[in-house]
Amino acid sequence: MAETRTGLRCSSVKDCNSLSADTSRPRHLLHYQLVTRRQLLSLPAALALPRPAKPQPDFPGTPYRQYSRCLPDFLRDQAARAYKIRNLEIAKLTSADAIRQRQQWDRETFWRLIGGMPQRTPLNTRTVGTFTRPGYRLEKLVYESQPNFHIPANLYIPTTGQPPYPAVLFQMGHMRNGKAAATYQRCCQALARLGYLVLGFDPMGQGERVYYPGPSGYKSRVGSPDDEHNIAGKQMLLTGVTATRLQVWDAVRSLDVLASHPLADPQRLASAGHSGGGTLTMLLAAVDERLAAAVVVDGNTENVACEHFNPPGATDDAEQNFIGSGPLGFDRWDLLYPLAPKPLLIVVSDTDFFATYSSEYIRNGWDEFSKLRAVYTRLDAADRLAWFDSPLLHELSYDVRLELYNFFARWLRHDQTRITAEPETAPETDQTLWASDSGNVVRSFHGETPFSLNRARELVVHPAPLDQLVAAERPPAGLKPTVLARAAGHGISIEAIEVPSAPGVWLPAWLYLPAARDASKPALLALEAAGRNVRSQEGELYQTLAQRGYPVCVADVRGIGDLAPELGRGTPDYAQFHATEENYAWSSLIFGKPLLGQRVTDILALAAALRAHPALEGLPLKVAASGRMAVPALFAAAMDPNIAEVYLAGCLLSYRSIVDTESYHAQFANFVPGILLHTDLPELVASLNPRRVCLAGTINAAGQTLEPAAVRAVYGPHEHIRLKSEAHWNLEALIS
């Protein structure tokens, strides 16, 4: 092993064990941190993990908190619990029996989290073209991982050596042209010339499997492979399945194709992949015992729940986020435990902690590698686990490809001769590798898409308690608001109040009180998508309502207004890109706390606290919500019978409309995994009867405002439902 200015390279676990205490840390800590990891851990918790600031006792002003830390800190606490749960279980792996039990648990838990293992159906594999190049022959294949769901693939067959050949399933990263990406072609060609049978296939949304094509018919109109994965992946959650399930099953069936080939040695099957393909290799390693070895290059080897959790955590594409895994103590590195003690190489780019993934990527990966190394050691297989890092960017670079060739040579061919140069390669054009005549398998073979498969999924509905479905918590008895300050308005009084909702979460609100109490006028809790400070100044909507005799509370809930989360650590591009509502929604789902449920919890707390306010006691409480706040308000009203009336402006028609709409624009923060197996928004509105509900300007999943007749056709002729064609948010709308 050699230590260089650019990094540390470990060709095996034995090499890694030889590192000194000072150099065994991830390289970016050695070169870019001013404090050591030990020093960092010795810092007071208040410095290491900042909490919402407590007001200073002698401060004369209003004791506001740093509300932007509430949601990040809530998730940080969830991550800490998940991290502790998992570490306690990993620490028990002190025997071969314990390791085998954990491996079985990992496989079963993974399938359960992602929606269950599909049934094998006929692959209908066919060869649609072939050509020969020096050292290998390429066959263009098409097969079906699910009925009429086509996968295009290239099979590289050596023209030298003696079969049966060791066989490698090569899995692609998130390149638009999938299997035709130049560096992936180079790797597949070189492996074939080195004597491996290689199958490379297009993943979902890439290459010939673009499912949202633009005018060309084969280029995506939605932006990137990530978008191709996420648009369909989010829809799948509503029906109780996942993009993870779809993608890992594609890999399993592709391995079926490779393993059944007469030139393949079924005892020497391996998988390798780069970036997203590295992660897909991890997924396959979790479920398929046929693999004899694996190489993960720049995959997502970062757990979501980690020691230095950086909110919202290492969320990524839909297939890489395991819903509900946090409370179970399951995380990404658990995908690799079932492979032990078989040979495994982890390759990382040392730039990834600041150029691709989160600021914790290398440190987190190295910590988890060390835990897995202990398992391999207990199985007397320490030399079969290796770590290699490259100083280069996030790519399947030449140095990484050489390491991959040498690893497979050692473990699949039992050849210790060092490969120092890559066999000659020459990438083909995309069209040369196409298995379809149009460059798109859906267009050429008239097959299914992830959207069409999900839309056709048969659903059996089983009602369940709403608080369990969305993981919402009801407020404790005796909850009251805290008045932080009072101010006089024109004919009204104004209170700055705060309501505790969850540990470390406080909800700031304005409460506008009329000068005289009028028992005939209800109190109004207003929830604006843009937050509490919109339309709250003198002469604007809420003060005017109070001047008309209506008590009005305008509040923020988690992720909204003053509770919008602060930026996390890392490079500016990463921190800004990651601090979105969608990433916080993914993180919340991973930890079993849907953002919708968090907001329902907040609304329930606000409603309970307002009823306890001396100026509002005995008054009926009406809730009005706009845009993305409408769905949480509806759930809260369905759970709280003391909410007397609901006004929903711009509310989503139904979850079913999302599943039925290919190009939808619904707020992901309102998604609930498997919700359509239990209920939908029309059923929630029906459950409020006889309480009045006004649906104003209801929108479909495409974001289009619907006419009342179209809404009535979905919601039925219930008399307690009033419909308005436009989502007005003004004095007349909120009073009437």
Side-chain angles (χ1 to χ4, degrees), residues 466-467 472-483 492-501 507-529 532 535-536 541-557 560 599-626 629-649 651 684-685 687-696 720-722 729 731-736:
L466 291 182
D467 53 353
E473 298 179 11
R474 298 179 185 273
L479 181 65
K480 296 181 179 180
T482 299
V483 178
I492 62 174
S493 62
I494 305 171
E495 293 182 353
I497 66 172
E498 186 181 81
V499 175
S501 173
L507 312 175
W510 303 118
L511 180 58
Y512 302 100
L513 297 172
R517 178 185 171 99
D518 185 343
S520 67
K521 295 180 177 179
L524 175 68
L525 171 58
L527 302 165
E528 281 225 48
R532 69 186 181 121
R535 289 185 273 267
S536 287
L541 177 60
Y542 301 119
Q543 293 200 31
T544 303
L545 277 167
Q547 290 164 354
R548 297 284 186 92
Y550 294 88
V552 181
C553 177
V554 192
D556 286 335
V557 299
I560 301 295
R599 290 172 174 172
V600 171
T601 297
D602 295 345
I603 297 170
L604 294 175
L606 287 164
L610 290 176
R611 285 192 290 267
H613 193 286
L616 305 179
E617 285 185 300
L619 293 180
L621 179 64
K622 174 179 178 179
V623 173
S626 68
M629 295 309 304
V631 172
L634 174 56
F635 272 89
M639 291 177 58
D640 185 348
N642 293 313
I643 293 176
E645 186 176 348
V646 183
Y647 176 78
L648 304 176
C651 187
L684 295 186
V685 171
S687 73
L688 298 183
N689 192 17
R691 291 178 284 162
R692 292 192 300 176
V693 180
C694 181
L695 300 174
H720 73 294
I721 302 175
R722 292 180 296 164
W729 193 266
L731 195 68
E732 180 183 357
L734 297 188
I735 287 177
S736 64

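Values below: all heavy atoms of this structure, side chains included; hydrogens, waters and symmetry mates excluded. Source: prediction; values computed, not measured.
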Where do [X] and [Y] come nearest, in terms of heavy atoms and distance?
{"X": "Leu524", "Y": "Ala624", "result": "CD1-CB, 3.7 Å"}
{"X": "Arg611", "Y": "Ile643", "result": "NH1-N, 4.3 Å"}
{"X": "Ala633", "Y": "Leu648", "result": "CB-CD2, 4.1 Å"}
{"X": "Ala605", "Y": "Val499", "result": "O-CG1, 3.8 Å"}
{"X": "Leu479", "Y": "Pro500", "result": "CD1-CG, 3.7 Å"}
{"X": "Lys480", "Y": "Ala609", "result": "C-CB, 4.1 Å"}

Could you check Leu734 against Leu541 for side-chain contact (heavy atoms from CB on, under 4.5 Å), going step by step and ending with a plain yes or no?
CA-CA 10 Å; Leu734 297 188; Leu541 177 60; 3.8 Å; yes
Output all residues satisfying side-chain contact (heavy atoms from CB on, under 4.5 Å) with [X], sequence neighbours left out; order by chain, then residue number.
{"X": "Ala529", "answer": "Ser626, Arg628"}
{"X": "Ala636", "answer": "Val600, Ile603, Leu604"}
{"X": "Arg517", "answer": "Leu619"}
{"X": "Ala515", "answer": "none"}

Looking at Asp556 and Pro508, would you say the former's side chain and the latter's main chain have a donor-acceptor pair under 3.5 Å?
no
Could you check whether any side-chain N or O of Arg474 sits under 3.5 Å from a backbone N or O of Met639, counting only pairs where one atom can act as donor and the other as acceptor?
yes
Distance-only check: which donor-acceptor pairs under 3.5 Å involve side-chain atoms of residues 546-555, not counting sequence neighbours?
| unit_1 | atom_1 | unit_2 | atom_2 | d |
| --- | --- | --- | --- | --- |
| Gln547 | NE2 | His490 | O | 3.1 |

Point-to-point distance, once rounded to the nearest 0.5 Å, from [atom1] of [X] to [atom2] of [Y]:
{"X": "Arg599", "Y": "Leu507", "atom1": "CZ", "atom2": "CG", "value": "12.0 Å"}
{"X": "Leu545", "Y": "Leu731", "atom1": "CG", "atom2": "CG", "value": "5.0 Å"}
{"X": "Ser687", "Y": "Leu634", "atom1": "OG", "atom2": "CG", "value": "7.5 Å"}
{"X": "Ile560", "Y": "Leu527", "atom1": "CD1", "atom2": "CG", "value": "9.5 Å"}

Tell me, with the steps shown, if Gln543 and Ile494 meet side-chain contact (heavy atoms from CB on, under 4.5 Å).
CA-CA 9 Å; Gln543 293 200 31; Ile494 305 171; 4.0 Å; yes
Verdict with supporting geometry, Ile721 and Leu695, side-chain contact (heavy atoms from CB on, under 4.5 Å):
CA-CA 7 Å; Ile721 302 175; Leu695 300 174; 4.1 Å; yes
Contacts of Arg691 meeting salt bridge (charged side-chain N to carboxylate O under 4.0 Å, His left out) (sequence neighbours excluded), chain-then-number -> none
Return the set of residues passing side-chain hydrogen bond (donor to acceptor under 3.5 Å, both in side chains) with [X] (not counting sequence neighbours), or none when no residue passes.
{"X": "Trp729", "result": "Glu528, Tyr542"}
{"X": "Asn689", "result": "none"}
{"X": "Tyr647", "result": "none"}
{"X": "Arg692", "result": "Glu645"}

Within residues 616-625 or reaching into it, pairs that qualify as side-chain hydrogen bond (donor to acceptor under 3.5 Å, both in side chains) - sequence neighbours excluded:
none
Is there a side-chain contact between Val685 and Val646, using heavy atoms and a 4.5 Å cut-off?
no
Does any non-hydrogen side-chain atom of Leu684 lie less than 4.5 Å from one of Leu466?
yes
For Lys521, look at atom NZ and say whether over 12 heavy atoms of other residues, nucleotides or ligands are found less than 6.0 Å away.
yes
Please test Leu610 against Ile497 for side-chain contact (heavy atoms from CB on, under 4.5 Å), starting from the C-alpha separation and ending with a verdict.
CA-CA 10 Å; Leu610 290 176; Ile497 66 172; 4.3 Å; yes
